[in-house]
Amino acid sequence: MDLITAPTTTATNSEVRVRFCPSPTGTPHVGLVRTALFNWAYARKTGGKFIFRIEDTDASRDSEESYEQIVEALRWLGLDWDEGIDVGGPNEPYRQSQRTEIYQEVIAKLKAAGHLYESYLSGEEIEARNLAAGRDPKMGYDNSERDLSDSERQRYIDEGREPALRLRVPDQDISFTDLVRGEITFPKGSFPDFVLVRPGGQPLYTLVNPVDDALMGITHVLRGEDLLSSTPRQIALYNALYDVGVAKFIPQFGHLPFVMGEGNKKLSKRNPESNLFLHRDRGFIPEGLLNYLALLGWSIAADRDIFSLEELKANFDVASVNPNPARFDQKKADAINSAHIRMLEDEDFANRVLPYLKSEGLISDQPTERELAIIRAAAPLLKERMIVLSESVGMLGFLLSEKAELEFEAEALASLDATAHDVVKAAHQVLQSVSNFAAEDIQAALNLELVEKMELKPRVAFGPVRVAVSGRRVTPPLFESMEILGKELTLARLEAFLQAH
RNA sequence: GGCCCCAUCGUUUAGCGGCCUAGGACGCUGCCCUCUCACGGCAGUAGCGCGGGUUCAAAUCCCGCUGGGGUCACCA
């Protein structure tokens, strides 16, 4: 039993089972999200199942906080799962830290069948052996304990040593057909017998990840390219698991390209743009972020790059994933997000903006009717000119404030010239006589007075008025803004401006 | 270093032997629209890493080179 004989899965469509299995060791990362997204999309496209499992076997690095953040991230993004964390399923529990008994059973089976063997050598000793044999000391383990005699073993035990457990790797080339890269072959001898269980019995990722995939019936493993070279190891393990009846087949593998940052480096936790929650705080909406992430390695059509999650679900295919790494481009991401913001219904948009306004104290925790009315009225104006939702703070501040006196941006004041006072004065005067204070009438009145009678260029006429009303140089359209403010407050703002400037 | 992966405009992506004097998008530039900013419209900018093959024909297939990346843990 030292050749790969286990069959590869033949699962199709509704039998597809994919999984997302992060280890909770930090803030959710956009690369992680992209992996989750592709797995999710593949499950939805095929009508298969998406399983969400947590790989928390390294107590020293895992944290409960990170675990909660990952769950929160998937929920926020709307990537729902059919089995796993919180929702349960036939393969509970879905946290590896709670599955130790299962692993011990599997270990016992593998050991009994002769697939594992005890390894007592330390890292230094392995290096020393390589050195002594004239090999590169970095060459790794030489499989020298495969057939330890009883007396040799006893000697180690007498020294108080505890063995790690290694897999007896078949001595043959290992090939598989990668879903995104095609056929890949690793020549025999590419890697040594590797450790699956620590001295003391604690199982490692190298064991636990394939074991859970096998027990959970995972048919397609879509994961980062960094795991490509561990695939032949896993296939070797699968073969052993198949032999002892734990695995029914070897899954298909697909290795997704990296998401890169600046330069030519993988986007790391160092890069702020890797942090999912930073994007959320800036005001990315899930639709926009997911759309952009999907574009990193995949495309829906030759001439289109804005699409909905529904369209992703209907069209996604692993086979069409591009194998080369993609850089995360904030500008492009912004453009995609702003397109999705524009597609939002006004009411939906208004609701999504609330948290940003609350966190800046622009509105109450329980928004008043007045606040809600202003936000709703401004929604269609705002949607068109926002890249991220947090911009709503600057755009809405002057509309939500009930004060006549404003704080003026330096930039806004700098845009004023000597005529500003007179212009605002004229505007104040003519607006008093506008009885129906609606955008159209406001515009008509101001246009007649400032542009026609005073013969000012529109931008010269309306610029100072905009500053007087908003304190800003860039705002939603002026006349609509005045309508939202109402006649009284508009006039009060103009008056306050005249007194101060 | 061994093994593995990758290679089209600045970025992303289309292209899977002839529809390619290489298409879209973002970015950038100019113009138009215009009360600011956006949106929208129009125009422009810029690319098949190199060398060999195969073929009537190659961005597309093969080989080599170069360059980039990953991995070789008792981490995941």
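We name chains A, B, ... by the order of the sequence lines, and we start the count at 1 in each one.
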Peer 1: Write down the distance separating the P atoms in B/G18 and B/A58, rounded off to the nearest Å.
Peer 2: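 These two P atoms come out 11 Å apart once rounded.
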Peer 1: What is the distance, to the nearest angstrom, from the CG atom on A/Asp193 to the P atom on B/C72?
Peer 2: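 Distance, rounded to whole Å: 16 Å.
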Peer 1: Can you pull every protein N or O that's under 3.5 Å from an N or O on nucleotides 64-69 of chain B?
Peer 2:
from  : atom 1 : to       : atom 2 : distance (Å)
B/G68 : O2'    : A/Asn264 : ND2    : 2.7

Peer 1: Give none if B/G17 has no partner; otherwise give the nucleotide forming a Watson-Crick or G-U wobble pair with it, both distances under 3.5 Å.
Peer 2: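 Pairing partner, where one exists within any strand: none, as none qualifies.
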Peer 1: Is it true that A/Asp56 and A/Arg95 make a salt bridge, defined as a side-chain N closer than 4.0 Å to a carboxylate O?
Peer 2: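 Yes.
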Peer 1: Using a strict 4.0 Å threshold on nitrogen-to-oxygen distance, state whether A/Asp305 and A/Lys332 make a salt bridge.
Peer 2: yes
Peer 1: Checking A/Ser268 side chain against A/Arg270 main chain: does a donor-acceptor pair fall under 3.5 Å?
Peer 2: yes
Peer 1: Can you tell whether the side chains of A/Arg473 and A/Glu409 come within less than 4.0 Å, N to carboxylate O?
Peer 2: no
Peer 1: Could you tell me whether A/Asp142 and A/Arg129 make a salt bridge, using a distance below 4.0 angstrom between a side-chain N and a carboxylate O?
Peer 2: yes
Peer 1: Rounded off to whole Å, could you give me the CG-to-P distance for the A/Asp329 and B/U12 pair?
Peer 2: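 Whole-Å distance recorded here is 8 Å.
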Peer 1: In this structure, how many angstroms lie between the P atom of B/U13 and the CZ atom of A/Phe307, rounded?
Peer 2: 12 Å
Peer 1: Do A/Ile54 and A/Tyr67 pass the side-chain contact (heavy atoms from CB on, under 4.5 Å) test, and can you show the C-alpha distance, the side-chain angles, and the key distance before you say yes or no?
Peer 2: CA-CA 8 Å; A/Ile54 291 286; A/Tyr67 163 77; 3.7 Å; yes
Peer 1: How many Å lie between CD1 on A/Ile306 and P on B/U13, as a whole number?
Peer 2: 15 Å
Peer 1: Side chain of A/Arg181 only, heavy atoms from C-beta on: which candidate in B/C6, B/C4, B/G24 is closest?
Peer 2: B/C6
Peer 1: I want to confirm an ordering. Mapping A/Gly189 and A/Asp305 to their closest nucleotides on RNA chain B, which one lands closer to the 5' end?
Peer 2: A/Gly189
Peer 1: In this structure, are over 12 heavy atoms from other groups packed under 6.0 Å from A/Glu65 atom CD?
Peer 2: no
Peer 1: Taking only the C1' atom of each, what is the distance from B/C31 to B/A14 in whole angstrom?
Peer 2: 29 Å
Peer 1: With a 3.5 Å limit on both atom pairs, tell me what B/U71 is paired to, counting Watson-Crick and G-U wobble, or say none.
Peer 2: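 Looking at the geometry, B/U71 pairs with B/G2.
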Peer 1: Do any N or O atoms of the protein come closer than 3.5 Å to N or O atoms of nucleotides 15-23 of chain B, and which pairs are they?
Peer 2:
from  : atom 1 : to       : atom 2 : distance (Å)
B/G23 : N2     : A/Ala302 : O      : 3.1

Peer 1: Provide the distance between the two P atoms, one in B/G52 and one in B/G41, to the nearest whole Å.
Peer 2: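 Each nucleotide's P atom is 45 Å from the other's.
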Peer 1: Give me the atom names and distance for the closest heavy-atom approach of A/Ile70 to A/Pro24.
Peer 2: CD1-CA, 3.9 Å
Peer 1: Rounding to an integer number of Å, can you tell me how far A/Phe328 CZ sits from B/U13 P?
Peer 2: 13 Å
Peer 1: Should the heavy atoms of other residues, nucleotides or ligands under 6.0 Å from CD of A/Gln98 be counted, would the total exceed 12?
Peer 2: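 Yes.
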Peer 1: Is any NZ, NE, NH1 or NH2 atom of the basic residue among A/Asp193 and A/Arg233 found under 4.0 Å from an Asp or Glu carboxylate oxygen of the other?
Peer 2: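 No.
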Peer 1: Tell me which nucleotide among B/C26, B/U71, B/C5 gets nearest to the side chain of A/Ser229.
Peer 2: B/U71
Peer 1: A/Phe176 vs A/Phe186 aromatic rings, parallel, tilted or perpendicular, using cut-offs 30° and 60°?
Peer 2: parallel
Peer 1: Mapping A/Ala333 and A/Arg327 to their closest nucleotides on RNA chain B, which lands nearer the 5' end?
Peer 2: A/Arg327
Peer 1: With a 3.5 Å limit on both atom pairs, tell me what B/A59 is paired to, counting Watson-Crick and G-U wobble, or say none.
Peer 2: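 Partner of B/A59: none found under 3.5 Å.
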Peer 1: Whole Å only: how far is the CZ atom of A/Phe191 from the C1' atom of B/G1?
Peer 2: 19 Å
Peer 1: If B/C48 has a Watson-Crick or G-U wobble mate with both distances under 3.5 Å, name it; if not, just say none.
Peer 2: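 For B/C48, the partner nucleotide comes out as none, under the 3.5 Å rule.
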Peer 1: Categorize A/Gly297 for me: base, sugar-phosphate, or nothing, with a 4.0 angstrom heavy-atom threshold over every strand shown.
Peer 2: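 Contact class for A/Gly297: sugar-phosphate only.
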Peer 1: So what does A/Thr185 touch, heavy atoms closer than 4.0 Å: a base, only the sugar-phosphate, or nothing?
Peer 2: sugar-phosphate
Peer 1: Is the backbone of A/Ile387 close enough, under 3.5 Å, to the side chain of A/Glu391 for a donor and an acceptor to pair up by distance?
Peer 2: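 Yes, the answer is positive, given that a donor and an acceptor are paired below the 3.5 Å cut-off.
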Peer 1: In this structure, how many angstroms lie between the P atom of B/C5 and the CZ atom of A/Arg223, rounded?
Peer 2: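 For the pair A/Arg223 CZ and B/C5 P, the rounded distance is 15 Å.
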Peer 1: What does the list of N/O pairs under 3.5 Å between the protein and nucleotides 73-76 of chain B look like, with a distance for each?
Peer 2:
from  : atom 1 : to       : atom 2 : distance (Å)
B/C74 : N4     : A/Leu121 : O      : 3.0
B/C75 : OP1    : A/Arg198 : NE     : 2.9
B/C75 : OP1    : A/Arg198 : NH2    : 2.3
B/C75 : OP2    : A/Arg198 : NE     : 2.9
B/C75 : OP2    : A/Arg198 : NH2    : 2.9
B/C75 : O5'    : A/Arg198 : NH2    : 3.3
B/C75 : O2'    : A/Asp58  : OD2    : 2.6
B/C75 : O2'    : A/Arg61  : NE     : 3.4
B/A76 : OP1    : A/Thr57  : OG1    : 3.0
B/A76 : OP2    : A/Tyr205 : N      : 2.9
B/A76 : O3'    : A/Glu55  : O      : 3.4
B/A76 : O2'    : A/Ser23  : OG     : 2.7

Peer 1: Should B/A43 form a Watson-Crick or G-U wobble pair with both distances under 3.5 Å, which nucleotide is its partner?
Peer 2: B/U29
Peer 1: Answer yes or no: is there a donor N or O on one side and an acceptor on the other, between the side chain of A/Asp62 and the main chain of A/Thr25, under 3.5 Å?
Peer 2: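 No.
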Peer 1: Quick one: does any side-chain atom of A/His421 pair with a main-chain N or O of A/His501 as donor and acceptor, under 3.5 Å?
Peer 2: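 Checking the backbone N and O of A/His501 against the side chain of A/His421, a donor-acceptor pair under 3.5 Å is found.
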Peer 1: Under 3.5 Å, which N/O atoms of the protein pair with N/O atoms of nucleotides 35-38 of chain B?
Peer 2:
from  : atom 1 : to       : atom 2 : distance (Å)
B/C35 : O2'    : A/Arg466 : NH1    : 3.4
B/C35 : O2     : A/Arg466 : NH1    : 3.4
B/C35 : O2     : A/Arg466 : NH2    : 2.7
B/C35 : N3     : A/Leu478 : N      : 3.4
B/U36 : O4'    : A/Arg466 : NH1    : 3.3
B/U36 : O2'    : A/Arg473 : O      : 3.3
B/U36 : N1     : A/Arg466 : NH2    : 3.4
B/U36 : O2     : A/Thr475 : N      : 2.9
B/U36 : O2     : A/Thr475 : O      : 3.1
B/U36 : N3     : A/Arg466 : NH2    : 3.3
B/U36 : N3     : A/Thr475 : O      : 2.7
B/U36 : O4     : A/Pro477 : N      : 3.3
B/C37 : O2     : A/Arg385 : NH1    : 2.9
B/C37 : N3     : A/Arg385 : NH1    : 2.4
B/A38 : O2'    : A/Glu384 : O      : 2.6

Peer 1: Mind checking the C1' distance from B/C50 to B/G68? Whole angstroms is fine.
Peer 2: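 One C1' to the other, the span is 15 Å.
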Peer 1: Checking A/Asn447 side chain against A/Gln443 main chain: does a donor-acceptor pair fall under 3.5 Å?
Peer 2: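 Not confirmed, A/Asn447 side chain does not pair with A/Gln443 backbone.
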Peer 1: Can you check the distance between B/C48 and B/U21, where both ends of the measurement are the P atom (answer in whole Å)?
Peer 2: 15 Å
Peer 1: Within the sub-3.5 Å range, which N or O atoms of nucleotides 43-49 of chain B have a protein N or O partner, and how far apart are they?
Peer 2:
none

Peer 1: Less than 4.0 angstrom from a charged side-chain N to a carboxylate O is my criterion; do A/Arg61 and A/Asp58 meet it?
Peer 2: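 Yes, charged N to carboxylate O under 4.0 Å.
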Peer 1: Show your working on side-chain contact (heavy atoms from CB on, under 4.5 Å) between A/Val195 and A/Thr206 and close with a plain yes or no.
Peer 2: CA-CA 8 Å; A/Val195 173; A/Thr206 47; 5.8 Å; no
Peer 1: With sequence neighbours left out, write down each residue that passes side-chain contact (heavy atoms from CB on, under 4.5 Å) with A/Gln429, or none if nothing qualifies.
Peer 2: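 side-chain contact (heavy atoms from CB on, under 4.5 Å) check on A/Gln429 returns nothing, list empty.
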Peer 1: What is the distance, rounded to the nearest whole Å, between atom NZ of A/Lys332 and atom P of B/G27?
Peer 2: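 A/Lys332 atom NZ is separated from B/G27 atom P by 8 Å.
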